[in-house]
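Residue numbers count from 1 along this sequence.
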Amino acid sequence: MVFVVSDEVQPKNGGPRMIVTGFSSGMVECRWYDGFGVKREAFREDDLAPLVTGGSSQG
C-alpha cells in the first residue's frame with residue numbers, strides 16, 4: 001500500500017493511531033501522542049495498515 005503524508009495509520013500488529021509525516025530510506029516516518037509527549041518512529045510500509053474509520057451511514 002502506498003501512503004502519503006498526513007495519512008492516519010496503525011501498526012498491523014496493533015498499536016497507536018499515527019500520522020505519516022514523511023519518508024526516508026524506504027521507511028515511513030510516523031508521529032503520535034502517547035499521553036505524555038509526541039513520539040516518532042520509522043516503520044516498514046509492510047508493517048502499517050491504513051486506519052479504518054467508522055464513517056457515517058445514511059439510511
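Between atom CZ of residue Arg40 and atom CH2 of residue Trp32 there is a gap of 10.5 Å, rounded to the nearest 0.5 Å. Put simply, CD1 on Ile19 and CD on Glu8 are 4.0 Å apart, with the number rounded to the nearest 0.5 Å.
Shortest non-hydrogen contact noted between Gln10 and Gly15 is NE2-O, 2.6 Å. Between Pro16 and Pro11, the shortest heavy-atom distance links the atoms O-CD, 3.5 Å. Smallest separation of non-hydrogen atoms from Lys12 and Ala49: CG-CB, 3.9 Å.
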Checking side-chain contact (heavy atoms from CB on, under 4.5 Å) for the pair Phe3/Leu48: CA distance, chi angles, key distance, verdict? CA-CA 9 Å; Phe3 298 108; Leu48 298 173; 3.9 Å; yes
Mind running side-chain contact (heavy atoms from CB on, under 4.5 Å) on Val4 and Val20 for me, showing each step along the way? CA-CA 7 Å; Val4 296; Val20 174; over 6 Å; no
Would Val9 and Phe43 satisfy side-chain contact (heavy atoms from CB on, under 4.5 Å), going step by step from the backbone distance to the final call? CA-CA 11 Å; Val9 297; Phe43 296 87; over 6 Å; no
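Put simply, the side chain of Arg31 reaches to within 4.5 Å of the side chain of Thr21, judged on heavy atoms. Contact annotation: the side chain of Leu51 never approaches that of Met18 to less than 4.5 Å [non-hydrogen atoms, C-beta and beyond].
Open room surrounds NZ on Lys39; 12 or fewer heavy atoms of other groups in view lie less than 6.0 Å from it.
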